[in-house]
2 protein chains.
Amino acid sequence: MKELKYSRQRESIKDFLMTRKDHPTAEEVYLNVRKTFPNISLGTVYRNLSLLTSIGSIQKISCGDSCERFDASTDSHYHFICRKCGCVMDMDMPDLSFINTLADKSFCGEIEGSVTYFFGLCEKCSQEYVDKPESKR
Amino acid sequence: MKELKYSRQRESIKDFLMTRKDHPTAEEVYLNVRKTFPNISLGTVYRNLSLLTSIGSIQKISCGDSCERFDASTDSHYHFICRKCGCVMDMDMPDLSFINTLADKSFCGEIEGSVTYFFGLCEKCSQEYVDKPESKR
DNA sequence: ATACGTGCAAACGTTTTGCACATAC
DNA sequence: GTATGTGCAAAACGTTTGCACGTAT
């Protein structure tokens with residue numbers, strides 16, 4: 001069994017993620033943590049992000065984007081992805097886990113869970129659509 | 001506006017996808033289409049897969065896996081991913097689009113749609129769990 | 001003292017792209 | 001004839017890994 005030792009870098013990565021409500025990519029984490037640890041390497045960031053994910057301390061979000069994103073809040077919640085600006089936001093909405101029961105009814109294996117992403121236009125981007133004349137969209 | 005010209009390679013890619021109910025990766029498409037066009041390049045496969053996706057002729061499935069998968073059936077349906085063998089299967093289950101309405105109620109932007117993936121054990125893998133003694137799992 | 005973490009750089013797997021040639025129209 | 005498609009190879013991209021050194025315990 002592998003023992004977990006403290007590291008300032010790991011703490012700093014986790015701390016940074018906790019300050020953010022958007023969902024930074026590994027690169028963004030790297031650029032920010034570098035302000036505190038100028039010599040930290042991208043490899044270390046990846047290693048720690050994946051370690052933190054595996055111990056359930058953070059959550060990895062795979063949203064069909066080219067790269068993974070990370071979220072310090074690990075309680076189950078839903079994400080929205082804006083098709084225009086690409087931002088990823090938390091949704092504040094009721095639990096949907098009953099769809100797993102629904103799925104199970106017509107499925108022969110074993111449903112353990114599900115992931116749902118919503119997409120569309122975020123508040124800011126949908127405002128722009130309303131404000132601008134069609135020609136400028 | 002870019003004009004779309006016929007190509008035998010593209011047709012062959014689409015045809016191959018239509019014969020498959022699992023959801024091949026670009027690599028798998030490449031290996032199979034190569035039986036008909038031994039000189040086809042992986043680049044051509046990627047170019048055509050992304051072109052077919054953009055005209056809505058096929059569907060791209062991003063399931064947090066390392067690579068994208070492609071599906072010739074473009075009507076909205078749900079996918080299941082086995083956490084053990086990694087297979088991706090279609091779900092035969094009722095429409096869930098009402099969750100978009102549900103999401104919209106507590107959201108400030110504009111919900112255009114959603115993607116849901118179910119995960120767990122497929123029929124085959126869940127059978128193995130039942131058959132084998134715990135020590136062999 | 002020793003196991004675990006780090007920085008660095010090289011390697012990896014997937015996908016994209018620049019180019020000259022081939023093909024559809 | 002011309003715009004679009006292709007094959008090839010190189011590059012880009014995000015991510016992982018091997019190694020020697022550093023640090024926590």
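Letters A, B, ... mirror the listed sequences (proteins, then strands); counts begin at 1.
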Contact pattern, 5' to 3', of nucleotides 19-25 of chain C - B, S or - by protein heavy atom under 4.0 Å:
-----BS
Worked check of side-chain contact (heavy atoms from CB on, under 4.5 Å) between A/Thr44 and A/Ser41:
CA-CA 5 Å; A/Thr44 297; A/Ser41 76; 3.2 Å; yes
Would you give the length of the straight line joining atom OG1 of B/Thr53 to atom CD of B/Glu68, rounded to the nearest 0.5 angstrom?
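If we round to the nearest 0.5 Å, B/Thr53:OG1 and B/Glu68:CD are 9.0 Å apart.
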For DNA chain C, what residues of residues 13-28 of chain A have any heavy atom nearer than 4.0 Å?
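Of all residues in residues 13-28 of chain A, none places a heavy atom under 4.0 Å from DNA chain C.
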Rounding to a whole Å, what distance do you find between B/Arg34:CZ and D/dC8:C1'?
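Roughly 14 Å, once rounded to whole Å.
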Single-linkage hydrophobic cluster B/Ile81~B/Phe118, side-chain heavy atoms < 4.5 angstrom:
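In one cluster with B/Ile81: B/Phe118, no.
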Are A/Val33 and A/Met18 linked, directly or through other ILVMFWY residues, by side chains that come within less than 4.5 angstrom of each other?
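Looking at the clustering, A/Met18 is in a separate group from A/Val33.
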Rounded to whole angstroms, how far apart are CZ on B/Phe37 and C1' on D/dC8?
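Distance check: B/Phe37 CZ to D/dC8 C1' gives 18 Å.
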Interatomic distance, A/Leu49 CG vs C/dT6 C1' [rounded to whole Å]:
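Taking CG of A/Leu49 and C1' of C/dT6, I get 15 Å after rounding.
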Can you sort out the partners of A/Cys108 under side chain to side chain contact (heavy atoms under 4.5 Å, CB included), two or more places apart, ordered by chain and number?
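With neighbours one apart ignored, the set is B/Glu123.
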For A/Arg10 and for B/Lys60, locate the closest nucleotide of DNA chain C by heavy-atom distance; then report the residue assigned to the nucleotide nearer the 5' terminus.
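With A/Arg10 and B/Lys60 compared, the 5'-side residue is A/Arg10.
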B/Gln9 vs D/dG7: side-chain N/O to OP1/OP2 distance below 4.0 Å
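Yes, within the criterion.
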Does OP1 or OP2 of C/dG7 have a side-chain N or O of A/Thr44 closer than 4.0 Å?
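Answer yes for this pair, as a side-chain N or O of A/Thr44 is under 4.0 Å from OP1 or OP2.
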Considering just the side-chain nitrogens and oxygens of A/Tyr46, establish if one lies under 4.0 Å of OP1 or OP2 belonging to D/dT15.
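Looking at the OP1 and OP2 atoms of D/dT15, one of them is under 4.0 Å from a side-chain N or O of A/Tyr46.
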Rounded to the Å, how far apart are A/Asn39 CG and C/dT6 P?
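So the two atoms are 13 Å apart, to the nearest Å.
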Find out whether B/Val45 and B/Gln9 are in side-chain contact, i.e. whether some heavy atom of one side chain is under 4.5 Å from a heavy atom of the other.
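Sidechains of B/Gln9 and B/Val45: no contact.
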Taking B/Asn32 for its side chain and B/Glu28 for its backbone only, find out whether a donor-acceptor pair lies under 3.5 Å.
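Yes; judged by distance alone, with no hydrogens or angles, the pair exists.
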From CG of B/Leu51 over to P of C/dT15, roughly how many Å is that when rounded to an integer?
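These atoms are roughly 17 Å apart.
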C/dT17 C1' sits how many Å from B/Leu42 CG, rounded?
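To the nearest whole Å, that distance equals 13 Å.
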Atom CG of A/Asn48 to atom P of D/dT16: distance rounded to whole Å?
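So the CG-P distance, A/Asn48 to D/dT16, works out to 13 Å.
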If you take the centroid of each ring, where Trp contributes its six-membered ring, are A/Tyr117 and A/Phe80 closer together than 6.0 Å?
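Centroid separation for A/Phe80 and A/Tyr117: 6.0 Å or greater.
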Distance check needed: D/dC8 P versus B/Ile40 CD1, whole Å only.
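Computing the B/Ile40:CD1 to D/dC8:P distance gives 10 Å.
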At their closest point, which heavy atom of A/Pro24 faces which heavy atom of A/Val29, and how far apart are they?
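Smallest heavy-atom distance, with atoms named: CB-CG2, 4.0 Å.
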